[in-house]
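To start, the structure itself, in structure tokens.
Just so it is clear: chains get the letters A, B, ... in the order the sequence lines come, proteins before strands, and each one is counted from 1.
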Amino acid sequence: MLTFTIRRLIIAVPTLLFIAVVIFGLLQLAPGDPMAQVPLTVPPEVKERMREALGLGEPIHVQFWKWIVQFFWIEPQVFIDNVFGTHLADGKLRVLSWQTRSPVMDIVVQRMPQTLWVVGMSYLVGILIALPIGIYSAYRQYSIFDQLGTFIAMIGFSVPTFFTGVLLIVIFSVNMDRDSFWWFPSIYDTTLQVTDWASFGQQIRQMAMPVTVLALYNAAQISRFMRASMLDNLNQDYVRTARAKGVGERAVVMVHVLRNSLIPVVTVIALGVPQVFGGAIITEQVFKVNGLGQLLIGAIEANDLPMVQTLTFIFAVLIVLFNLIADVLYGILDPRIRYD
Amino acid sequence: MLDTSPPPSPTAQPDTGHIARIENLRVSFQTKDGPVVGVEDISFTINPGETVCVVGESGSGKSVSSLSLMRLVEYGGGEISGGRLIFDRKGGGEVDLAQADQGLMRTIRGNEIGMIFQEPMTALNPVFTIGRQLSEGLILHKGMNRKAAMKRAVELLREVRIPEPERRIKQYPHELSGGMRQRVVIAMALACEPRLLIADEPTTALDVTIQAEILALMDRLKRETGTAVMFITHDMAVVAQMADRVVVMFRGNKVEEGPVEQIFHAPVHDYTKALLAAVPKLGDMTGKDFPEPMKLFGVEGQDIAPIRGSDEVLLSVRNLTTRFPVKGGVLRRTVANVHAVEDISFDINKGQTLSLVGESGCGKSTAGRSLLRLIEPLSGQVELGGTDIIALNQGDLRRARLDMQMIFQDPFASLNPQMQLSDQVAEPMRNYGTLKGRAMQERIEMLFDRVELPRSFMRRYPHELSGGQRQRVAIARALALNPKLIVSDESVSALDVSVQAQVLNLMMELQAELGLSFLFISHDMAVVERVSHRVGVMYLGRIVEIGSRRAIFEDPRHPYTQALMQAVPIADPTRRKSEHELNFKPIPSPIHDLDYQPEPSVYQKVGEDHYLLVTDSGY
Amino acid sequence: ERGADGHVNVIYWQAPSILNPYLSGGTKDIESSSIILEPLGRYDPDGNLVPFLATEIPTVENGGVSEDLTSITWKIKPDLLWSDGTPLTSEDVVFTAEYCMDPQGGCAQLSKFNGIKTVEAVDDLTVKVTFATPQPNPYGAFMGGQSPILQKAQFKDCTGGRAAECTEANFNPIGTGPFVVDEFKPNDVISLSANPNYRDAAKPAFATMTFKGGGDATAAGRAVLETGEFDYAWNLQLAPEVLEQMAQGGKGETVAAFGTLVERIEMNLTDPSPDLPPETRATVDAPHPILSDLNVRKALSMAIDREILVEIGYGQAGRPTCNLVPAPEMYASPNKECIPQDIEGAKALLDEAGWTDTDGDGIRDKDGKKLSLLFQSSTNAVRQNFQDAIKAWWGEIGVETELRNVSASVFFGGDPGSPDTFQKFYADVEMYANNFDGTDPQAYLAQYRCGNEPKPSSQWQGENINRFCDPAYDAMLDELAKTGELDKRGEIAKKLNEMLTKDTYTIVPLVDRGRVSAHSNTLGGVALNTWDSELWNVADWYRIKE
Amino acid sequence: MTEPTHTPENEPVVETGGATLAGGVIPQPMPSAPPRSQWLDVWHQFRHHKGAMAGGIVFLFIVLAVFLGPYLWDLDPAKIDFRARNNGPSWAHPFGTDQLGRDMMARLMAGGQVSLAVGITAMLLALVLGSLIGILAGYFRRLDNILMRMTDLFLALPLLPLLLVMVLLFREPLSAAFGIETGIFILIVTAIGVTSWMPTARIVRGDVLALKEREFVLAARSIGTTNLMMILRHILPNVISPIVVSATLGIANAIITESALSFLGLGFPPDFPTWGRLLFDAVDYMQQNPERVVMPGIAISLTVLSVNYLGDGLRDALDPRIRGR
Ligand SMILES: Nc1ncnc2c1ncn2[C@@H]1O[C@H](COP(=O)(O)OP(=O)(O)OP(=O)(O)O)[C@@H](O)[C@H]1O
Ligand SMILES: Nc1ncnc2c1ncn2[C@@H]1O[C@H](COP(=O)(O)OP(=O)(O)OP(=O)(O)O)[C@@H](O)[C@H]1O
Ligand SMILES: [Mg+2]
Ligand SMILES: [Mg+2]
């Protein structure tokens, strides 16, 4: 397992480099121009000047190399500087966003809190409700509970968040009285600092709706996989053995069957974690959370290539990492799986 | 429909002191061809401290009855459609288990009734270590903490004669040999010292020495704690050794019941007579050079001719070595190696049978699999009819497999749970396109007939069968292609002796007709004696003695071989072996450190076709 | 009294990315920075010039502009302080010009400084701008939200190529405006507080301000009109009935004002057929087989009911127009001819021009050429409604229309590699909106000069989208550039406008689009301004006490 | 003892293993019906699955309503009627009208045709791709790394630029080759399929990794099963349940993604209604005309729900242990 992990980590380097190249190529190929958002009143020759100022005139491989150097060499130095108070990166050019003309990484760091609070929390909540529902639905297949769970999960998955989000806003922000307990803000305040109980309460309130919407969506998906996988294992002979030992139904299901059913669920969850960092574009937009998802979509729309490239690459690193974690977990969950 | 009506039950007496009483049990299953009755009408009792052996035809409902007693049939799609299952609980009160709710059953299962399942591979949870699974019941019923339970688990493993239990306890089921798994299941059932132990063919995968030790263990338990045992087996010798009373089952009914001597010496029912007549006895073949088919009960004009085979070498194995890594630590790194097969060499001639016998876990299955390259051996040469198997690429290997087939030790695990039996048997023919359409259909039917499976089973799925029936499907599948070599790993262990006799005869017939060769792996010495031309005795990964059957059986030289012969039980209740006849030798382990360098095997010729290992084998 | 009214919340559904308008042309950035940075003068809601940092607007009359229109002299109000307490001087103004005119800087507002020869500080409070040629409209630089004054001290190391590296300055510019930045989270939110050194001691009334960005117009509208969480929402481009419904929330009200933004259909005078080689496709070398016919263009315009378009798309924020330049008054042609829909007339016109339905499939044709058009636009709910409606009307007069919508970031992206940009115009007609900065349409009209069309040799850059070319038009443009008298200018501009619209139907204006914004019932002092930043007068905003 | 009463037809057959003694002391039980193909069997089972049948009926109903409905309700979904804008349900327009006065019922039916076609085809494409790649990666160790790294790559690619590039490269050639509508259909389906197969692939691979270590796979290899047959006969039926779940989720995903694509200009022309787009357009009108959001929402959910139950039925039919219960 150790050698496997090490080998995979080594392979990850060329993989990621390749991904970086492909992303870069894709972004170059994709139609669009950083000047798209500049009003039409700005004449073309001025736009041309602005483009040049962004470094767009340089050949593509130079642009790519610059990004590589900035991302892999200068940004880590900045990180070290921040941690240890050194001055390695002083005066060196960091990866700069074309929209804001500021270091991309600073904005990413700025976006982390709300992304984790909202998207991360909703993922966590989603998993926490999905697993029990999936397990119980499988255990009591076709019971009322299962049917209801199926129904809600399907609605949750097939009704897009741009609808459920707005629905919640209409119910809880528009139609509730501003002073009632059930009123929730429709606009997320990213400047809110949690310092005491009151601000914590406020934070919870403003998270409530986006988290609900996203958690429903996540839970729907995970619970379906959990249920299916449990169903596959509930009838195996070892379950009978466990029962013959006098193990309670709870333990039979939660220990013996669950462990055998976890592989697909682990996969789905591991696939979802990078998405957390990718943000939830629509939900963020509906509730104005302005997390990483909004950052990415905004950057794509504005053709802010350094930003898109950096965000996507960070995303790629997480994907590779979490897929590796999933693979390692497979080996731990099912000792029969071999990777050598 | 049946000309058998159960004799008046001797248990109709007032029920004082019975630990369990089964009355008119009836169990049915839903299959897509309509309901099927697994057990039609069974009644018998089990008294404290008593061993009741249930014998009978394969598929007669033995396992189903025992599962009913545990109320586990429901989970397998069965339904107790009639009868009562009275169980006397520890506290005194009697309960009808057939009516009990699952909550009550939970406190009884494992604690008051322990069960050893017939197929140990599938019965163990593949993702938990042996230790974890063993300790579970202890923690649950005995209120032990994890550490104490683990300690007890190690003890239990030692009791069931598993070498190096500290190490094994951390292994997973698939890393154990068939016999070891069976012993784990036994240990699991014994863990809480239940008042009633249901043992469903607990020793089929065990060699005679370990079997004897396990039987002794159960006997001791019975004596010391008054545990009652319901013992399901096909091995009449074991019945003779163990039983107080015997229940004979046939097609879902009890046909005869009585004390063991009575059953053995004065059987009443036709089936019982047939059964006893079919029991192979060690020594039957003394003086004969070649194996010959068995005389079948009730078959006239059987042509019994010795099978000579040829002198032409079909399979030649040289210095075959296979090792498995033992993983340890959080990172699951290789910390040691299991020297499962260590430098073994042998030949098999065309049309002949080589039997491999030996202690459970000594590497027989691994040897069989390695030479078919189902496990990649570490080193060695294997030549089948002139082709070097080890050198083949995957495509050629597949073609070569047309000539070599394997019957797996654990038939349930080796059948695809999603496929109908007919499709499973047809698969090899489809794979190689040997037969098609009608011809294939006919062959499948023929094979089903020959292994004594009703054709109506063709549409069933593996889990709808009894253990023996599954084994026969596996045999039919291996025979489908008419291969040149069959590696048959414990292929008749789950069959009742009468079916076993027929299946063995079938195999020998094919051998005589088509010149089939067998590598026959078995624990049943009487069967080995019956079918083999040559015999190899394995111990701890090496062949310690190899030679013609006559030489080995009539003149065993190696101390292990001698011990093995000694331990063979005799199918006669009057000639029971006592416990002190057994010598409980500590069992060495095949697990060695990474830097361990084994010596090569060197043999000494002691007879015309009789070789003895001179290298230290650890015995 | 300054800071007495507490906190005010503003929401812009587009989030500001930078607070330096010289580095971004985006409206969101210009408007957000206008809270902090101020120009010498601004346009008021009626398009009049009003002094801000200057004492007065220089004109020829008051001698601020030289008679020959080649220089303009600004006088700065005395005793102005930057928010850091240092005095504002003419050096800062000169620096601002240098900053933007630096060739390496990529200044987005460079066109404001067009034609400037020198900018000199005459004394501490006087700045003189000299032009190379006479400028009838010398109010480009230092006027309006696009070109405010930067502090030299803060930006002196940020000129040219280093402009982008000054994140700190770009995010926290020191200004003279009513608020200063406390924290700026790019593309998200700005926290501001009252400028302690603001020139009017009583202003601003609010102590702090949150400027939130992101989401969409619906959400922004809802936050002001229905939930009351915000006080001001910018540019609520929503279907009128949706806006109406929101307004029933009772928490706020909408305000509308008109500028020069016109939603129009552009006719492609060149052939966009994919069968043509890339060098000639959609270039002047290949005239359009159908749309070169004036009658067709006219008929297409006649079939459109602009009143209904306004009703379904803009409500109070739109009015039908036939002009490319709808305002200011003096430049706007009175032409209203196109407003009544005339289906029958259109049919007759087409019949007359020889476009008849010969094969009976309901689609007109001529010389084997079907009257079938590809109509593209950017993705936007209102535009798609327009497309659907126009398609239906054109269907009535026997014109087949295929619709296509393209993501705005691609459509307006100008990537020469993409076939879907509005400049490339690989379609027969397309619809979008455009306007001009300030109140003078000269540059705007000059876009339609011969040779200014996008073409492969210019990397498809160019503003003459229709590939219109008329020497007479160009001649009049030259005349306009030379004319200083306002009445005369107005006349010429009207003429030019009509040449493009009424006379040739090269451009078919549809709707004069106003701006709708919303403010809460308790926010006072809002004066919606379409000629400058909407936040031009935040200093005057206050809380209405119940 | 409660002896169950049996009618003669379903008299249980006592078969406990066949004749024990050849030559037959006891007669062989009669062979029953000849073996049927496994798939017939699955079909049989499927037909008797309550959920699957209900799902099937609903699904059929939706398909019929969407494809045959327009013959009964022959209002033109593109017919604009400015006088009837934003009407609520009435006899003339049972589901009301939209902001241009178009009949919602007709649009729902027209939209359904596109959404169903796109949803199902794209889902199938993603499913086939995902399962294929997942199985290959899980089964062939040599392919594992390259295929999974490719999956990583696809997971990492930013969706929007990818789609934009696809339009850029393929819209005109496809339109030229297949006509505009078919061309766009192919483009959309491929775009959705190509960008949504990765989760399926990873999930299937995970299951296959565990599955291929099972003994019956070894046994199948020993009887000479080729890799192809191994996959088809042994692996695939055993990983069907995650695939089925992916299918249900995939169809919902495809329908929604289609509507998102139209914002990129990748979708169908803007005058083409689809469920996703109807829903999206209606969100702004949620307070005035709630039926406008509710109807497409129900249509999508019902489709997904019915496909889910069909999938459940298939899964149960393929699991011999559940069969017959
Ligand atoms: N789930 C099931 N569905 C249908 N039939 C079943 C099922 N389980 C068992 N049977 C049938 O019930 C009968 C009794 O099976 P059982 O397992 O009790 O046999 P057994 O006596 O233990 O045989 P063996 O010695 O071969 O293990 C067999 O004919 C078997 O085919
Ligand atoms: N996959 C594996 N991983 C690790 N160890 C294994 C594995 N398979 C077998 N072994 C070990 O190899 C040794 C030989 O096993 P094998 O199955 O060949 O025994 P056997 O002779 O067939 O025994 P039995 O008669 O009990 O079936 C045992 O110690 C077993 O634990
Ligand atoms: Mg059995
Ligand atoms: Mg074995």
Side-chain angles (χ1 to χ4, degrees), chain A residues 29-54 93-94 96-103 106-107 110-111 114 166 169-170 173-174 178 183 185-187 189-191 284-290 294-295 298-304, chain C residues 11 15 17-18 20 23-27 103-111 161 163-167 170-171 183 185-189 191 210 212-216 218-219 222-223 226-230 249 408-410 412-415 417-418 420-421 434-437 443-444 461-463:
Chain A
L29 207 59
D33 185 274
M35 296 299 118
Q37 290 192 332
V38 173
L40 296 180
T41 47
V42 174
E45 55 284 0
V46 175
K47 287 188 185 169
E48 197 48 48
R49 283 279 179 77
M50 293 173 73
R51 264 189 216 106
E52 271 162 29
L54 295 176
L93 199 58
R94 302 177 59 186
L96 291 186
S97 152
W98 287 348
Q99 287 176 88
T100 68
R101 310 298 182 92
S102 70
D106 290 356
I107 306 180
Q110 211 171 58
R111 294 299 172 101
Q114 54 261 39
V166 174
I169 289 183
V170 167
S173 306
V174 175
R178 188 76 196 252
W183 185 87
S186 72
I187 291 178
D189 179 6
T190 45
T191 55
E284 286 184 10
Q285 164 141 344
V286 170
F287 294 96
K288 277 70 68 185
V289 178
N290 294 351
Q294 186 258 7
L295 188 64
I300 289 177
E301 275 170 3
N303 281 293
D304 183 356
Chain C
I11 185 161
S17 357
I18 191 165
N20 179 350
L23 292 185
S24 159
T27 317
Q104 249 101 62
C107 175
Q109 311 303 344
L110 196 57
S111 59
E165 292 166 45
C166 293
T167 309
N170 291 335
F171 281 9
E183 189 190 11
K185 294 188 170 180
N187 288 350
D188 181 12
V189 65
S191 309
T210 298
K212 172 87 178 179
D216 48 45
T218 324
R222 193 174 281 131
E226 289 192 287
T227 75
E229 286 164 89
F230 276 73
S409 68
V410 175
F412 297 117
D415 183 335
S418 165
D420 289 330
T421 62
N434 199 357
N435 64 336
F436 55 94
D437 273 343
Y444 190 47
Q461 301 302 323
E463 297 152 312

Residue [X] versus chain A: region with a heavy atom under 4.5 Å:
X        : value
C:Asp420 : neither
C:Phe230 : side chain
C:Ser111 : both
C:Glu229 : both
C:Cys166 : neither

For [X] and [Y], which heavy atoms make the closest approach, and how far apart are they?
X        : Y        : value
A:Lys47  : A:Val42  : CE-O, 3.5 Å
C:Ile18  : A:Thr100 : CD1-O, 3.3 Å
A:Lys288 : C:Gly215 : CD-CA, 3.5 Å
A:Gln294 : C:Asn187 : NE2-O, 3.2 Å

Counting heavy-atom pairs closer than 4.5 Å to chain A, which one of [options] comes out on top?
options                                : value
C:Thr167, C:Val410, C:Asp216, C:Ile11  : C:Thr167
C:Gln109, C:Gln104, C:Arg222           : C:Arg222
C:Ala108, C:Cys107, C:Gly228, C:Ser191 : C:Ala108

Quiz item: Among A:Glu52, A:Glu301, A:Arg111, which residue forms the greatest number of heavy-atom pairs with chain C at distances under 4.5 Å?
Solution: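 Ranked by contacts with chain C, first place is A:Arg111.
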Quiz prompt | Residue selection (most heavy-atom pairs with chain C, distance under 4.5 Å) from A:Pro185, A:Gly298, A:Ser186 | solution =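 Most pairs with chain C among the choices: A:Ser186.
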Quiz prompt | All side chain to side chain contact (heavy atoms under 4.5 Å, CB included) counterparts of A:Thr190, not counting sequence neighbours | solution =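 Side chain to side chain contact (heavy atoms under 4.5 Å, CB included) check on A:Thr190 returns A:Gln114, A:Tyr188, C:Lys185, C:Asp188, C:Val189, C:Lys212.
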Self-check item: Those residues that, when tested against A:Ala302, pass side chain to side chain contact (heavy atoms under 4.5 Å, CB included) (two or more places apart)
Solution: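 A:Ala302 satisfies side chain to side chain contact (heavy atoms under 4.5 Å, CB included) with A:Gln37, A:Gln99 only.
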Could you tell me which portion of [X] (side chain, backbone, both or neither) has an atom closer than 4.5 angstrom to a non-hydrogen atom of chain C?
X        : result
A:Ile107 : side chain
A:Leu54  : neither
A:Trp183 : side chain

Quiz prompt | A:Arg94 atom CZ, over 12 foreign heavy atoms within 6.0 Å | solution =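 Yes, CZ of A:Arg94 has more than 12 neighbouring heavy atoms, counting only those of other groups under 6.0 Å.
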Quiz item: What's the verdict on salt bridge (charged side-chain N to carboxylate O under 4.0 Å, His left out) for A:Glu48 and A:Arg51, showing C-alpha distance, side-chain angles and the deciding distance?
Solution: CA-CA 5 Å; A:Glu48 197 48 48; A:Arg51 264 189 216 106; 2.8 Å; yes
